[in-house]
Asker: 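Input: one structure, supplied below.
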Amino acid sequence: MEIKREVYLDRLIARKHNGFIKVITGIRRSGKSYLLNTLFYNHLLSEGIKENHIIQFAFDSAEDLLKIGEDPLELDNGKEERKVDPSKFLAWIMPQISDGDIYYILLDEVQKLGAFESVLNGFLRKPNMDVYVTGSNSKFLSKDILTEFEGRGDEVHVLPLSFSEYYCFKQGDKSEAYDDYSVYGGLPAVALMDTEEQKSSYLITQMKNVYLRDIITRYKITNETAIGEVIDVIASGISTLTNPRKISNTMNSVHGTNTCDATIDRYIEHAEDAFMLTRVKRYNVKGRKYIGTPYKIYFEDVGLRNARLAFRQIEGTHIMENIIYNELRYRGYQVDVGMIESREKDKEGKDIRVQLEIDFIATLGNKKYYVQSAYSIPDQEKYEQETASFDKTMDSFKKIIIVEKSMKPRYDEKGYLIMGVKEFLLDKDSLLI
């Protein structure tokens, strides 16, 4: 059964012929190559594009490398990596551009091509070449890769499967599917596995030997234990406010280490560049300005987060918040953590300043939504606690509360929209109700 990635396919289709290099980024194993070489390729064929006007090349394929006279064994000899000779690749591809019609160039693992930036910039100067590339090592996954294309790169960022994509593939009971997704996440390979043992073993191995190894190798990190401990502390504290000093204090008390704040901040930045996790700044709603620290950190895939902790800390509240954050990004929203300052009376009647939190401010163009991940609201006191920040905004943007139990969307007496997390995730228009 095919895993459909219709949202990303539509984004690629919308970018056809726009004069830019289409750069498909995302964490490793998120389905970038499948999107390009299966889904998008089939779309081109369905549009009547001739096969000889769709040129595919995978720089990690021995078969493709032999086409251009490269020796795969020499390129992968265990020593320092040698890049594919760009002159051999150009000598192979350019004769295929034999007329003035549009040619679609689909290149996989393009970072393995020597001087790939110059090669791709050369393609940009050809009016009948529409170029799409993916890459999956830590250099290519760096967030600043688009600058290599002189401002003419157009990024399509691919997340692991959203819950709606996952459920469309898995079907069955929605609650069971959500429970499974909350533990094992949305990497496509995991969705195809049948047993819990397979899933957990795969995720633990990938986290250790692929994702962390990429970061360690790229940045030549010598203290592998320290970066592992930083990731552990972050994984334990997803959806909570943090900063390098707080992480350092936790490491020092738990592990007895002495890692400085600057080193921790650098490790977080490395993990962000590889799309393992994302730092989300707070935004002062009334002051209309960003607050640098503390901030929140979320994982690109909750299964990898859980695997890093050996599936020992499966807290439904924090994981649900991480899933909601990723869903908002999947839908194309810019997402911030909201903060509202308010003056209130303490028990002694004194004025005190308090900071109230809105879990997410989701913005897309002129659309803006306030979203609270509440997990459960068992009584009026909890309801007032969860809605206190909404009450203080004094604006007309839609305010949404998401709880864990199944609940059809409904508006409460304050005009706030309440719905269950599964209902939110499975209805692409749930914010518009």
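Since the model is a prediction, treat every value here as computed from it, not as a measurement.
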Asker: The test is side-chain hydrogen bond (donor to acceptor under 3.5 Å, both in side chains); show your working for Asp359 and Ser373 and say whether it passes.
Answerer: CA-CA 6 Å; Asp359 288 328; Ser373 175; 4.7 Å; no

Asker: After noting the C-alpha distance and the side-chain angles of Glu176 and Lys170, does the key distance pass the salt bridge (charged side-chain N to carboxylate O under 4.0 Å, His left out) rule?
Answerer: CA-CA 10 Å; Glu176 290 181 5; Lys170 299 293 283 190; over 6 Å; no

Asker: Decide, yes or no, whether a salt bridge links Arg82 with Glu70 under the criterion of side-chain N to carboxylate O below 4.0 Å.
Answerer: yes

Asker: Looking at Asp265 and Arg279, is there a salt bridge between them, counting it only when a charged N and a carboxylate O are closer than 4.0 Å?
Answerer: yes

Asker: Could you check whether any side-chain heavy atom of Tyr370 comes within less than 4.5 Å of a side-chain heavy atom of Lys398, counting everything from C-beta outward?
Answerer: no

Asker: Given 3.5 Å as the limit, does a donor-acceptor pair link the side chain of Lys22 with the main chain of Phe20, or not?
Answerer: yes

Asker: Report yes if the side chains of Ile297 and Val280 come closer than 4.5 Å at any heavy-atom pair, otherwise no.
Answerer: no

Asker: Donor-acceptor check, side chain of Glu321 to backbone of Thr317, threshold 3.5 angstrom: yes or no?
Answerer: no

Asker: Short question: side chain of Thr205, backbone of Ser201 - any donor-acceptor pair under 3.5 Å?
Answerer: yes

Asker: Nearest 0.5 Å, please: how far is CD1 in Ile231 from CG in Leu309?
Answerer: 10.5 Å

Asker: Does the Asn306 side chain pair with the main chain of Ser182, one donor and one acceptor, at a distance under 3.5 Å?
Answerer: yes

Asker: Salt bridge or not between Asp395 and Lys368? Use side-chain N to carboxylate O under 4.0 Å.
Answerer: no

Asker: I need the minimum non-hydrogen distance between Phe299 and Ile234, along with the two atoms involved.
Answerer: CE1-CG2, 3.9 Å

Asker: Do Phe311 and Tyr184 have their ring centres less than 6.0 Å from each other?
Answerer: yes

Asker: Tell me whether the count of non-hydrogen atoms from other residues, nucleotides or ligands lying under 6.0 Å of NZ in Lys428 goes above 12.
Answerer: no

Asker: With salt bridge (charged side-chain N to carboxylate O under 4.0 Å, His left out) as the criterion, how do Glu300 and Arg329 come out once you've worked through the C-alpha distance, each side chain's angles and the decisive distance to 0.1 Å?
Answerer: CA-CA 10 Å; Glu300 193 92 342; Arg329 292 173 61 212; 3.2 Å; yes

Asker: Please examine the side chains of Ile323 and Tyr178, heavy atoms only from C-beta on, and report whether any two atoms are closer than 4.5 Å.
Answerer: yes

Asker: Angle between ring planes, Phe360 versus Tyr298, binned at 30° and 60°: parallel, tilted or perpendicular?
Answerer: tilted

Asker: Classify the ring geometry of His17 against Tyr104: parallel below 30°, tilted from 30° to 60°, perpendicular beyond 60°.
Answerer: tilted

Asker: Establish, yes or no, whether a centroid distance under 6.0 Å links the rings of Tyr8 and His157.
Answerer: no

Asker: I'd like to know if Glu357 pairs up with Lys296 as an ion pair, taking the criterion as any Lys NZ or Arg NE/NH1/NH2 lying under 4.0 Å from an Asp or Glu carboxylate oxygen.
Answerer: yes

Asker: Is a donor on one side and an acceptor on the other found under 3.5 Å between the side chain of Asp427 and the backbone of Glu423?
Answerer: no

Asker: Can the ring centroids of Tyr411 and Tyr416 be said to lie less than 6.0 angstrom from one another?
Answerer: no

Asker: Tell me whether Asp214 is salt-bridged to Arg28, with the criterion being a basic N under 4.0 Å from an acidic carboxylate O.
Answerer: yes

Asker: Within the 4.5 Å heavy-atom criterion, are Asp336 and Arg282 side-chain neighbours or not?
Answerer: no

Asker: Take atom NZ in Lys392; do more than 12 heavy atoms of anything else shown fall under 6.0 Å from it?
Answerer: no

Asker: Say you draw a straight line from CD1 of Ile227 to CD1 of Ile221; how long is it, rounded to the nearest 0.5 Å?
Answerer: 3.5 Å

Asker: Just checking Gln334: does its CD atom have more than 12 heavy atoms from other residues, nucleotides or ligands closer to it than 6.0 angstrom?
Answerer: no

Asker: What class does the angle between the rings of Tyr132 and Phe40 fall in, given that below 30° is parallel, 30 to 60° is tilted and above 60° is perpendicular?
Answerer: tilted

Asker: Taking the basic N atoms (NZ, or NE/NH1/NH2) and the acidic carboxylate oxygens, is any pair closer than 4.0 Å for Glu165 and Lys4?
Answerer: no

Asker: Centroid-to-centroid, Phe59 to Phe57, below 6.0 Å?
Answerer: yes

Asker: Within the side chain of Tyr41, is there an N or O that forms a donor-acceptor pair under 3.5 Å with the backbone of Leu35?
Answerer: no

Asker: Is Glu155 salt-bridged to Arg11, cutoff N-O under 4.0 Å?
Answerer: no

Asker: List the steps, then state whether side chain to side chain contact (heavy atoms under 4.5 Å, CB included) holds for Leu203 with Leu304.
Answerer: CA-CA 6 Å; Leu203 287 167; Leu304 290 173; 3.9 Å; yes

Asker: Under a plain distance cut-off of 3.5 Å, with no hydrogens placed, do Glu109 and Gln111 share a side-chain donor-acceptor pair?
Answerer: yes

Asker: Should we say atom CD of Glu315 is surrounded by more than 12 heavy atoms from elsewhere, each under 6.0 Å from it?
Answerer: yes

Asker: Considering only NZ, NE, NH1 and NH2 on the basic side and carboxylate oxygens on the acidic side, decide whether Glu63 and Lys67 come within less than 4.0 Å.
Answerer: no

Asker: Under the criterion side chain to side chain contact (heavy atoms under 4.5 Å, CB included), which of Gln355, Lys281, Met339 is the partner of Ile291?
Answerer: Met339

Asker: Report yes or no: do Ser236 and Gln313 form a side-chain donor-acceptor pair below 3.5 Å?
Answerer: yes

Asker: For the rings on Tyr369 and Phe397, is their centre-to-centre separation under 6.0 Å?
Answerer: no

Asker: Is the backbone N or O of Lys246 less than 3.5 Å from a side-chain atom of Thr250, with the two atoms forming a donor-acceptor pair by type?
Answerer: yes

Asker: Taking 4.0 angstrom as the limit, do Arg245 and Asp261 come out as a salt bridge?
Answerer: yes

Asker: Could you tell me whether the side chains of Asp101 and Tyr103 share a donor-acceptor contact shorter than 3.5 Å?
Answerer: no

Asker: Using atom types as modelled and distance alone, determine if a side-chain donor or acceptor of Ser430 lies under 3.5 Å from a backbone N or O of Phe424.
Answerer: yes

Asker: Main chain of Thr293, side chain of Asn243: is a donor-acceptor contact present, judged purely on distance under 3.5 Å?
Answerer: no

Asker: What do the steps show when you test Tyr219 against Asp273 for side-chain hydrogen bond (donor to acceptor under 3.5 Å, both in side chains), and what is the final call?
Answerer: CA-CA 11 Å; Tyr219 296 103; Asp273 284 346; 3.2 Å; yes

Asker: I'd like to check Glu341 versus Asn284 (side-chain heavy atoms, cut-off strictly below 4.5 Å). Are they in contact?
Answerer: yes

Asker: Check this for me: does any side-chain nitrogen of one of Asp180 and Lys199 sit under 4.0 Å from a carboxylate oxygen of the other?
Answerer: yes

